[in-house]
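So the structure is just underneath, and the comments pick up after that.
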Amino acid sequence: MEGILLINKPLHMTSHDANGKVVETKEFHGIGNLENVVQSFIGPQKQLPQMYFAIKVKGKKLYEYARNNEEVHVEPRDIVINDIEIMKVIDMR
């Protein structure tokens, strides 16, 4: 699986938007420290599936709950990040 990581502040949130709560932060001291921060994501992690995933909970897909504005408790899943690389850096200062 491939993904894109945009770093404004290195935070781990309970959701994938600004409405989530901060679960974990990582020290970031500018672009010079970027490689260390990115590499710190390698290894076992917990991932909270987004509400628009097709994962079923109690017989319904998460996106069905989301479309009906229903809340449902979703357990974080175990994932492993084996490799990560910086493909492009844009300093927006």
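Applying the side-chain contact (heavy atoms from CB on, under 4.5 Å) rule to Asn68 yields the partners Lys60, Glu70; only residues at least two apart in sequence or on another chain are considered.
With values rounded to the nearest 0.5 angstrom, Tyr65 atom OH is found 12.5 Å from Ile55 atom CD1. Between Lys61 atom NZ and Met51 atom CE the span is 14.0 Å, to the nearest 0.5 Å.
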Tell me, with the steps shown, if Gln50 and Leu62 meet side-chain contact (heavy atoms from CB on, under 4.5 Å). CA-CA 8 Å; Gln50 295 182 31; Leu62 286 181; over 6 Å; no
What side-chain donor-acceptor pairs closer than 3.5 Å can you find for residues 74-85, not counting sequence neighbours?
| unit_1 | atom_1 | unit_2 | atom_2 | d |
| --- | --- | --- | --- | --- |
| Glu75 | OE2 | His73 | NE2 | 2.7 |
| Asp78 | OD1 | Lys46 | NZ | 2.6 |

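When all heavy atoms of Pro49 and Gln47 are compared, the closest pair comes out as CD-O, 3.3 Å.
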